[in-house]
Enquirer: 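Got a structure for you, questions after.
Chain letters run A, B, ... following the sequence lines, proteins first and then strands; every chain starts at 1. The structure displayed is predicted, hence computed values, not measured ones. Because only heavy atoms are used, hydrogens play no part in the values below, and waters and symmetry mates are left out as well, while side chains stay in.
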Protein chains: 2
Amino acid sequence: MSTRKNITATADELFYHNGFDVTSFADIAKQVGISRGNFYHHFKTKDDILEAVIDLRLAKTRDMLRLWAEGAETPLDRISCFIHILIRNRREIAKYGCPVGTLVSELGKLDHVSKSHAATLFTLFVDWLVTQFSDLGCEPQDARHHARHLLALSQGVSSVAQALQDDVFVDDEVNMMLDYVAEIARTNSLKRKS
Amino acid sequence: MSTRKNITATADELFYHNGFDVTSFADIAKQVGISRGNFYHHFKTKDDILEAVIDLRLAKTRDMLRLWAEGAETPLDRISCFIHILIRNRREIAKYGCPVGTLVSELGKLDHVSKSHAATLFTLFVDWLVTQFSDLGCEPQDARHHARHLLALSQGVSSVAQALQDDVFVDDEVNMMLDYVAEIARTNSLKRKS
DNA sequence: GTGAATTTAGGTCGAATGTCCTAATTTTGT
DNA sequence: ACAAAATTAGGACATTCGACCTAAATTCAC
């Protein structure tokens with residue numbers, strides 16, 4: 001892997017685990033195994049690293065969403081993929097929260113220029129979910145509503161899970177989210193028949 | 001107001017607006033209007049200030065919950081008070097997120113000793129909501145489930161609202177939460193009749 | 001009123017930060 | 001093979017941080 005990508009991937013992990021502001025050049029350099037001075041050749045400022053990290057996350061998210069769209073047959077299965085990240089990443093979430101939500105929150109408090117850039121990560125999920133709910137037969141405004149609701153729920157579950165450290169809670173909420181989507185699919189199919 | 005309380009209140013605000021780690025002694029001193037050196041007499045370390053801030057928030061939260069319990073006639077009205085903080089504090093939430101969730105998240109990433117102390121802020125809300133749902137006629141495990149679900153939703157709405165900056169979204173979610181509670185109250189009253 | 005206790009201001013300290021520079025080292029193009 | 005370019009290491013820099021100290025100012029007790 002190129003050094004630049006190596007730096008970006010390491011910064012991505014450290015920003016997630018420890019926070020953007022707390023993570024120093026020295027921390028990243030130590031983990032990558034290069035000298036601090038080497039940074040300036042790849043990234044002029046720390047903000048440049050942040051931009052690269054956000055771009056990396058955008059790319060990884062797009063890949064993940066595409067994989068879900070291709071891998072699952074029905075919109076319902078695809079939405080289930082989204083919901084199940086809460087279980088698949090439960091260990092990391094319990095420790096560090098949601099990588100998107102915590103970054104947006106921190107950048108918001110720092111009033112950082114990249115906060116809107118980070119927020120586009122959210123819209124990536126919203127847009128994808130809107131597509132799925134539309135494919136499920138929802139009207140545009142309903143699809144948007146359901147998509148945002150699901151995103152908010154996943155954020156909230158991450159946040160509370162980090163505080164309470166309770167696996168059962170996550171399972172319960174995931175089941176509720178699955179029921180929520182199944183109910184929408186059911187009513188939509190009824191509507192279609194009438 | 002005493003200097004100590006003045007420091008604590010100012011630190012409370014700055015920790016919320018800018019984050020704990022980012023906020024420096026100098027920042028607090030400047031806003032309070034005292035010299036930096038004066039701190040050491042009131043708080044030995046920055047962590048001591050954090051402890052005092054968490055205690056302050058615990059006290060303020062307890063007062064607020066007591067006020068809601070006394071001010072509202074029915075459990076349903078009391079739960080509505082909780083839900084409506086999302087609207088009452090919408091400006092601050094859109095800027096800085098939820099004061100509890102963002103603090104727990106930051107302390108979790110810092111692996112700070114006070115993270116569990118901060119997490120008790122969450123349990124304060126959970127316990128209070130459990131009481132309300134129990135008064136509404138819910139079984140203990142149901143009450144706990146509903147309480148945590150509502151808390152997670154409020155957290156998620158705060159998080160997504162900060163990213164999307166959309167007032168309509170908050171209104172929609174608040175209405176959904178109110179419907180959720182109303183539905184529980186309705187089914188409970190039906191159960192009671194049978 | 002006066003001595004003791006509390007509170008305050010201002011400065012110092014080492015450590016750590018982001019940024020930047022320079023000189024080696026390695027890689028690349030021909 | 002060799003010059004040019006890219007990459008790397010290590011250190012210098014001004015600044016800021018939490019922590020700590022001392023002395024002046026203020027408040028309090030009697």
Enquirer: Round to a whole Å and report the spacing from CZ of R4(B) to C1' of dT6(C).
Expert: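 Those two atoms, CZ and C1', are 15 Å apart.
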
Enquirer: Would you mind reading off the distance between K30(A) atom NZ and dT17(C) atom C1', rounded to a whole angstrom?
Expert: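 My rounded result for the distance is 16 Å.
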
Enquirer: Tell me, please, which residues at least two apart from R90(A) pass side-chain hydrogen bond (donor to acceptor under 3.5 Å, both in side chains).
Expert: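 Applying side-chain hydrogen bond (donor to acceptor under 3.5 Å, both in side chains) to R90(A) gives D171(A).
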
Enquirer: Tell me which residues in residues 19-27 of chain B lie within less than 4.0 Å of DNA chain D, going by non-hydrogen atoms.
Expert: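 When residues 19-27 of chain B is checked for heavy atoms under 4.0 Å from DNA chain D, the hits, listed by number, are T23(B), S24(B), F25(B).
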
Enquirer: Who are the ring-ring contact (aromatic ring centres under 6.0 Å, His included) partners of Y40(B), not counting sequence neighbours?
Expert: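 Result, ring-ring contact (aromatic ring centres under 6.0 Å, His included) vs Y40(B): none returned.
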
Enquirer: Under the rule for ring-ring contact (aromatic ring centres under 6.0 Å, His included), what residues qualify as partners of Y16(B), not counting sequence neighbours?
Expert: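 Only Y96(B) meet the ring-ring contact (aromatic ring centres under 6.0 Å, His included) criterion with Y16(B).
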
Enquirer: Listed by chain and number, what are the salt bridge (charged side-chain N to carboxylate O under 4.0 Å, His left out) partners of K30(A), not counting sequence neighbours?
Expert: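 Partners of K30(A) by the salt bridge (charged side-chain N to carboxylate O under 4.0 Å, His left out) criterion come out as none, since no residue qualifies.
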
Enquirer: Check the phosphate of dT7(D) against T3(A), side-chain N and O only, distance under 4.0 Å to OP1 or OP2. Yes or no?
Expert: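 So the side-chain polar atoms of T3(A) never come under 4.0 Å of the phosphate oxygens OP1 or OP2 of dT7(D).
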
Enquirer: Who pairs with S116(A) by side-chain hydrogen bond (donor to acceptor under 3.5 Å, both in side chains), at least two apart in sequence or on another chain?
Expert: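 Residues passing side-chain hydrogen bond (donor to acceptor under 3.5 Å, both in side chains) with S116(A): none at all.
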
Enquirer: Looking at residues at least two apart in the chain, or sitting in another chain, which of them share a ring-ring contact (aromatic ring centres under 6.0 Å, His included) with H145(A)?
Expert: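 Not a single residue meets the ring-ring contact (aromatic ring centres under 6.0 Å, His included) criterion with H145(A).
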
Enquirer: Only distances under 3.5 Å count here; give the side-chain donor-acceptor pairs of residues 61-68 of chain A to other protein atoms, sequence neighbours excluded, each with its distance to 0.1 Å.
Expert:
from: T61(A); atom 1: OG1; to: R57(A); atom 2: O; distance (Å): 2.6
from: D63(A); atom 1: OD1; to: R66(A); atom 2: NH1; distance (Å): 3.1

Enquirer: Can you list, in residue-number order, the parts of residues 33-49 of chain A that come under 4.0 Å of DNA chain C, counting heavy atoms only?
Expert: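 Nucleic-acid contacts, sorted: G37(A), Y40(A), T45(A), K46(A).
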
Enquirer: Taking ring-ring contact (aromatic ring centres under 6.0 Å, His included) as the definition, give me every residue that meets it alongside F20(B), ordered by chain and number, with sequence neighbours left out.
Expert: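 Only F15(B), H112(B) meet the ring-ring contact (aromatic ring centres under 6.0 Å, His included) criterion with F20(B).
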
Enquirer: Would you mind listing every ring pair (Phe, Tyr, Trp, His ring centres under 6.0 Å) that reaches into residues 152-191 of chain B, with sequence neighbours excluded?
Expert: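 For residues 152-191 of chain B: H146(B)-Y180(B), H149(B)-Y180(B).
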
Enquirer: Does a side-chain N-to-carboxylate-O contact under 4.0 Å join D172(A) and R148(B)?
Expert: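 Not counted as a salt bridge, because no side-chain N and carboxylate O are separated by less than 4.0 Å.
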
Enquirer: Scan nucleotides 23-25 of chain D against the protein and return all N/O pairs shorter than 3.5 Å with their distances rounded to 0.1 Å.
Expert:
none

